[in-house]
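One structure is given here, and the rest of the page talks about it.
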Amino acid sequence: MLPIQIAVFLGLVLSSGGAPGSSEAEVLWRFGRFQKVLDEAGASGKPVLVYFWMEGSEQCVQMYEATLKEEAAVEATADFVCYSAKHGDPYGGKLFERYKITTVPCVRVIKPDGEADDGLTGFADPGTFVQQLERIKSGKDTLSDLRARSAADPDDFDLRNRVAGKLFDLGDVEGHDAIRDSIKRDDPEGESRIGAQLHMADVTTAMTKEATRVSEVELDSLYAFAEKARHPDVTFAAWATIAANENARGNTKAEHAALHAAWAAVPAANVLNWGNSTALWLWSNRDVLSKEDRALALDMAVKAVEKAELLRNGGSDGASSYSGDDYEAFLADRLTTLIKCQAMNGKRKDALALVDRCRELDPENPVHERFAKLLKKKKDLGVADAYHDTRPVWSPDGKKVMYTSDRDGNHEIYVADVKKGKERRLTRFRGNESTGSWSPDGKRIAFNSDRFRTSGIYTMKSNGRDVALLVPFDPRAPVGTSDPAWSPDGERIAYASYRNGKSEIAVMNADGTGETILTASTPKTDMQPTWCPKGERIYYMSNRAGDSDVYAITPDGGEDVNVTNAPEDSWDMDPELSPDGKHIVFASWRSGQLEIYVMDPDGKNVENLTNSPTEDRHPRWSPDGKRIAFDRKGADGNTRVFIMNANGSNPVPLVPMS
């Protein structure tokens, strides 16, 4: 049976009840042999509406109670032969396989010949449900309609791609791939926009297919593609991808050249967000910028602010209107990037004028007052206005602590000496990196990064060099990963995987081979794996029982137990067993505040270590078991790494506060 994703967010309590077939149902639901229903549909001339659901899914309960029992929805289903397909049912369960359903709730509209023609995935409110059924009944943009229109105009590649997209939505991956291949075959030069996008996807996939080191990623083919690309948005995407890859390889000069080329072709839709974020990235690395690079950052910041201003005016010039209530703070944030870039280019008077405007837009933000003082004194504006140092991890010898920080505008990995508090930055990437763990010998670090367009597991030397890619990128089935944890023997890495549409605990060999999913049996969110000192168990967080609890599972996916069985609204997370195996440290909301606790391995004798009015989380034992590193959010909004004794006493910041 395919793994099923319940469309819930972390923390949503799963419950049963209110399912099709109950006495309250107003829709005439069919059950049993599906062929009988198809025969009925053929005789009546009506399509079949199949509702796929699962016992225990709150979203399915909500879909049934709030939507399928609503009067307008019931009326809309009158033109369909309705069938209830329950996951695990002898008859309905077979349809999950037949129509490749991996998310519930889900609705599929099936023609009498058994082919899926359209559908909805996930919860749909009554208005959306009725609107979509009316569209489907009219025959607009169904699979049949798109196929007929595409057959009548075979040179319309965008329309052909819509057929492929509809097939993918309906679970026909092979059909999707076949149509995409036909577009590439009929448009070999990428003259159409979609043709160019597909050819670029092939090029970027081939780049990383055989590479195991970032330095091995072959960029020549992508450079050649970017030079020949005919569509501005595809040209922009190609150069932006080149810039990201050159950055990942540490080729600063080539990265900046690619950024210049990408900006020259940037589509209007990318000016605001990409322009602002890239300008901020360039500014955070201003010590290595040329005069031309500084001017590029300023131009990006100026154009991004212009687009932000347009949002206030109802979305003219192709920009979308801003619907948030905090537009003034939103605009002030973009103006802050411009202030930084103006100062970097020696335009301090212009920057001071903008500071005054930011004060009016966002008077509660103290950074503008600080900027005014620094600009008047002709001093550097500094790297970070507010920052979060999180996810501390001890080195095997206990002399260093690694952590993630966004002080440079994006998440990078830092390491600090425990005694001296001296820190240094290990990574310098325009995306985001997140700490994982050290190898047992301390020579390499496993970490998470989105260097190649999706979150993946990497390793690098403890000095930040020799980056190796462990999970290759697959554009058809993107992999999301987090929390890599090296096993005590150094042979395996456990991590959280989002490959199957849900978060699961996975284990692979340290070289990236031999992946095994340990927690694939039921729909849930499983993450934050850590190994016990001898490697016989993996502790992790799961919300399968409603609120999150600490669980323990064997590395072969065998015995899997709930350790905390936490009270309602406690939210236990971030577990790790002590080096002597006598205590588990974890973070929890059970006091109403996120704090650090310890307990016995069986979940008994829970003790609050921090008793702090601030938020404390991500606790990790020192190798000798005498201290615990964790991160604490202060009253100023910044998050810093602290180290305390194992009994919770004497918490001090890892890096001295300035």
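Put simply, the side chain of Asp417 never gets that close to the backbone of Lys422: no donor and acceptor are under 3.5 Å apart. At distances below 3.5 Å, not a single donor-acceptor pair connects side-chain atoms of Asn251 with backbone N or O atoms of Ala254. Trp394 contributes a side-chain N or O that, together with a main-chain N or O of Arg620, makes up a donor-acceptor pair within less than 3.5 Å. Checked by atom type and distance alone, the side chain of Glu292 never pairs as donor or acceptor with a backbone atom of Ala295 at under 3.5 Å. Checking side-chain atoms of Ser405 against main-chain N and O of Asp389 turns up no donor-acceptor pair under 3.5 Å. Side-chain atoms of Glu433 never come within 3.5 Å of backbone atoms of Thr427 as a donor-acceptor pair (strictly under, hydrogens ignored). With hydrogens and angles disregarded, a donor-acceptor distance shorter than 3.5 Å links the side chain of Asn345 to the backbone of Cys341. In terms of modelled atom types and a separation under 3.5 Å, the side chain of Asp483 and the main chain of Ala496 share no donor-acceptor contact. Without hydrogens or angle criteria, Arg286 side chain to Trp283 main chain gives a donor-acceptor distance under 3.5 Å. Of the possible polar contacts, none joining the Asp616 side chain to the Ser612 backbone as a donor-acceptor pair under 3.5 Å is found.
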- Step by step, would you call Asp356 with Arg359 a salt bridge (Lys or Arg N to Asp or Glu O under 4.0 Å)? CA-CA 5 Å; Asp356 290 336; Arg359 284 169 167 162; 3.0 Å; yes
- side chain to side chain contact (heavy atoms under 4.5 Å, CB included) between Ile445 and Thr435, intermediate numbers included: CA-CA 8 Å; Ile445 292 170; Thr435 52; over 6 Å; no
- Criterion side-chain hydrogen bond (donor to acceptor under 3.5 Å, both in side chains) on Tyr495 and Gln528, from CA distance to verdict: CA-CA 7 Å; Tyr495 59 101; Gln528 300 175 343; over 6 Å; no
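One finds no salt bridge joining Lys166 and Asp141 here, because no Lys/Arg side-chain nitrogen approaches an Asp/Glu carboxylate oxygen to under 4.0 Å. A salt bridge is defined here as a Lys NZ or Arg NE, NH1 or NH2 lying under 4.0 Å from an Asp or Glu carboxylate O, and Glu191 with Arg230 meets this definition. The existence of a salt bridge linking Lys184 and Asp181 is confirmed by a sub-4.0 Å separation between a basic side-chain nitrogen and an acidic carboxylate oxygen.
Under the ring-ring contact (aromatic ring centres under 6.0 Å, His included) criterion, the residue pairs touching residues 202-250 are Tyr223-Trp239, Phe236-Trp274, with sequence neighbours excluded. Under the salt bridge (charged side-chain N to carboxylate O under 4.0 Å, His left out) criterion, the residue pairs touching residues 255-266 are Glu255-Arg430, with sequence neighbours excluded.
Partner of Arg193 under the side chain to side chain donor-acceptor pair (under 3.5 Å) criterion, out of Asn161, Asp158, Asp187, Asp233: Asp233 alone. Each of His618, Arg617, Arg640, His388 was evaluated against Asp631; a single residue qualifies, His618, per the side chain to side chain donor-acceptor pair (under 3.5 Å) test. Glu412 pairs with exactly one of Arg425, Arg424, Arg391 by the salt bridge (charged side-chain N to carboxylate O under 4.0 Å, His left out) rule, that one being Arg425.
With 3.5 Å as the limit, one finds a donor-acceptor pair spanning the side chains of Asp293 and His260. No side-chain donor from either of Asp202 and Thr205 sits under 3.5 Å from a side-chain acceptor of the other. Between the side chains of Asp526 and Ser503, no donor-acceptor pair of N or O atoms lies under 3.5 Å. Judged by distance alone, the side chains of Arg444 and Thr459 do bring a donor and an acceptor atom under 3.5 Å apart.
With values rounded to the nearest 0.5 angstrom, Met402 atom CE is found 14.5 Å from Glu423 atom CD. For the atom pair Arg370 CZ and Leu374 CG, the distance stands at 6.0 Å (nearest 0.5 Å). One distance of note links NE2 of His256 with CG of Leu282; it measures 5.5 Å at 0.5 Å rounding.
Asp333 is linked by a side chain to side chain donor-acceptor pair (under 3.5 Å) to nothing, counting only residues two or more places apart in sequence or in another chain.
Cys358 has its side chain out of reach of Phe371: every pair of non-hydrogen atoms, C-beta onward, lies at least 4.5 Å apart.
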